[in-house]
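A short write-up of the structure that comes next.
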Amino acid sequence: MIDALLDPAVATAAAAVLGLLVGSFLNVVIHRLPKMLERGWAQQCAELRGEDAAPASAYNLVVPRSACPSCGHRIGALDNVPVLSWLALRGRCRGCGTRISARYPAIELLAGILAALAIWRFGPTWQGLAACALLWTLVALTFIDADTQLLPDDITLPLLWAGLAANLAGLFVPLAEAVIGAIAGYLSLWTVYWAFRLIRGKEGMGYGDFKLLAALGAWLGWKVLPGIVLLSSAVGALVGIGLIVLRRHDRAAPLPYGPYLAVAGAIALFAGPALVRLYLPGS
């Protein structure tokens with residue numbers, strides 16, 4: 001059994017299936033974590049005002065069970081099979097027929113494809129498993145930031161420490177490069193933030209962006225940071241201009257930067273050495 005799982009083709013297929021299941025959980029994280037944070041902030045504000053916080057029902061990543069927001073129909077196991085259930089239900093709630101967003105199966109597919117690519121690239125190894133974990137976390141951060149313009153500390157900080165822990169064994173880069181990457185990643189965007197604020201008198205990005213780039217530096221080392229920043233900035237500029245041209249975005253409204261950092265980080269994970277050689281020949 002173990003020998004079969006070590007076969008590259010079998011391992012890649014198994015990773016894809018596992019990724020689909022993880023993608024289903026990521027949908028829960030993306031939807032619920034911001035609401036959990038809002039509840040926590042509201043409770044803290046009430047305590048600071050000396051008020052008794054209103055009692056609230058349990059709400060976390062496990063409780064309550066998933067249900068249709070329109071009719072309250074509980075989503076059973078058969079209706080929760082990644083991608084297949086959405087297709088079988090034709091994208092509608094079994095209880096009331098309300099349309100279910102295609103984003104749910106899209107995130108499941110994305111998590112499955114990324115896991116398969118990670119195992120195909122790094123093999124059924126600790127490095128491959130770590131790459132899967134990094135990519136799944138980036139998926140969650142991408143959609144949370146796109147929805148709420150938040151990059152929660154509950155995800156970015158554990159991701160940073162996990163990167164340093166992974167590189168204790170040198171899974172991706174030597175530990176020294178990882179530590180320098182974490183420091184440089186944070187300070188580089190922190191410097192840009194304060195320079196922009198001093199020049200323009202307003203904020204150009206959030207602190208979560210600093211922490212996400214620090215986490216990517218912890219995972220992939222300091223050498224890839226210029227490439228990640230350039231890639232994310234270029235993609236963000238193109239998307240922003242496109243949205244403004246298509247009049248789908250107010251040019252005065254901020255665009256989340258986290259998704260572009262996450263995409264650039266994923267590219268750097270797979271093509272880091274080639275990317276670094278473009279601006280650091282001989283590396």
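Under a hydrophobic-cluster definition in which Ile, Leu, Val, Met, Phe, Trp and Tyr are linked whenever side-chain heavy atoms come within less than 4.5 Å, directly or via other members, Val229 and Val173 are assigned to different clusters. Put simply, Ile267 and Tyr279 are part of the same group of oily side chains (I, L, V, M, F, W, Y) that touch within less than 4.5 Å, one to the next. Hydrophobic clustering (ILVMFWY, side-chain heavy atoms < 4.5 Å, transitive): Leu129 and Leu164 are in one cluster. The hydrophobic cluster containing Leu168 also contains Ile183, counting ILVMFWY residues as joined when their side-chain heavy atoms lie under 4.5 angstrom apart, directly or transitively. Val81 and Leu109 end up in different hydrophobic clusters when Ile, Leu, Val, Met, Phe, Trp and Tyr side chains are linked at under 4.5 Å.
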Would Ile30 and Arg103 satisfy side chain to side chain contact (heavy atoms under 4.5 Å, CB included), going step by step from the backbone distance to the final call? CA-CA 11 Å; Ile30 292 164; Arg103 195 175 88 165; 3.6 Å; yes
Does the pair Asn80 and Ser66 meet the rule for a side chain to side chain contact (heavy atoms under 4.5 Å, CB included), with working shown? CA-CA 9 Å; Asn80 208 25; Ser66 297; 5.7 Å; no
Residue pair Tyr260, Ser233: steps toward the side-chain hydrogen bond (donor to acceptor under 3.5 Å, both in side chains) verdict: CA-CA 7 Å; Tyr260 309 118; Ser233 299; over 6 Å; no
Would you please test Val263 and Val235 for side chain to side chain contact (heavy atoms under 4.5 Å, CB included) and show each step? CA-CA 9 Å; Val263 170; Val235 174; 5.6 Å; no
Apply side chain to side chain contact (heavy atoms under 4.5 Å, CB included) to residues Leu151 and Lys211 and explain how you reach the verdict. CA-CA 9 Å; Leu151 288 170; Lys211 297 165 190 174; over 6 Å; no
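To the nearest 0.5 angstrom, Leu216 atom CG is 9.5 Å from Leu269 atom CG. Of the inter-residue distances, the one linking Leu213 atom CG with Ser188 atom OG reads 4.5 Å to the nearest 0.5 angstrom. Asn60 CG to Lys35 NZ: the interatomic distance, rounded to the nearest 0.5 Å, is 14.5 Å. The NE2 atom of His31 sits 14.5 Å away from the CG atom of Leu26 when rounded to the nearest 0.5 Å.
Inter-residue side-chain proximity for Glu108 and Ser85 is flagged as unmet; no heavy-atom pair is nearer than 4.5 Å. The shortest distance between side-chain heavy atoms of Ile75 and Arg65 does not fall below 4.5 Å. Between Asp209 and Trp190, the closest side-chain pair of non-hydrogen atoms is not below 4.5 Å. Using a 4.5 Å cut-off on side-chain heavy atoms (C-beta onward), Leu231 and Leu275 make contact. Counting only heavy atoms from C-beta outward, the side chains of Leu212 and Leu189 never approach each other to under 4.5 Å. Side-chain contact check for Phe210 versus Thr156: every heavy-atom pair is 4.5 Å or farther apart. In this structure the side chain of Tyr207 reaches within 4.5 angstrom of the side chain of Tyr193, judged on heavy atoms. Between Cys132 and Ile119 there is a side-chain heavy-atom pair separated by less than 4.5 Å.
With hydrogens and angles ignored, the 3.5 Å screen pairs no side-chain donor or acceptor of Trp86 with any backbone N or O of Tyr104. Proximity of a side-chain donor or acceptor of Arg92 to a complementary backbone N or O of Thr98 within less than 3.5 Å is not detected. Judged by distance alone, with hydrogens and angles left aside, the side-chain atoms of Asn167 form a donor-acceptor pair with the main-chain N or O of Ala218 at under 3.5 Å. The backbone N or O of Leu150 sits less than 3.5 Å from a side-chain atom of Asp145, completing a donor-acceptor pair. Using modelled atom types, no side-chain atom of Asp147 and backbone atom of Ile144 make a donor-acceptor pair closer than 3.5 Å. With Glu177 contributing its side chain and Trp222 its backbone, the two residues share no donor-acceptor pair below 3.5 Å. In this structure, the side chain of Trp120 does not engage the main chain of Ala11 through any donor-acceptor pair within 3.5 Å. The main-chain N or O of Leu160 is never found under 3.5 Å from a side-chain atom of Trp219 such that the two would form a donor-acceptor pair. Formation of a donor-acceptor pair under 3.5 Å by the Gln127 side chain with backbone atoms of Leu171 is found in this model.
The environment of Arg94 atom CZ is sparse: at most 12 non-hydrogen atoms of other residues, nucleotides or ligands sit within 6.0 angstrom. Enclosure of atom CZ in Arg99 is not indicated, since only 12 or fewer non-hydrogen atoms of other residues, nucleotides or ligands lie within 6.0 angstrom. Surrounding CG of Leu78 are at most 12 heavy atoms belonging to other residues, nucleotides or ligands under 6.0 Å away.
Considering all non-hydrogen atoms of both residues, Ile107 and Gly23 come closest at CG2-O, 3.9 Å. The two residues Lys223 and Val276 come nearest to each other via the heavy atoms O-CG2, 3.7 Å. Nearest heavy atom pair, residue Pro82 against residue Leu21, reads CG-CD2, 3.9 Å. Closest approach of Tyr257 to Ser232, counting heavy atoms only: OH-OG, 2.6 Å. Heavy atoms only, all atoms of each residue included: Leu141 and Pro152 are closest at CD2-CD, 4.1 Å. Annotation for Thr142 and Pro259: closest pair O-CG, 3.6 Å, computed over non-hydrogen atoms.
For Phe122 and Phe172, the ring centers are positioned less than 6.0 Å apart.
Screening Leu110, Val22, Val29 for a side chain to side chain contact (heavy atoms under 4.5 Å, CB included) with Val139, the sole residue that qualifies is Leu110.
A cation-pi contact links Arg39 to Tyr59, judged by a cut-off of 6.0 Å to the six-membered ring centre and 45° from its axis.
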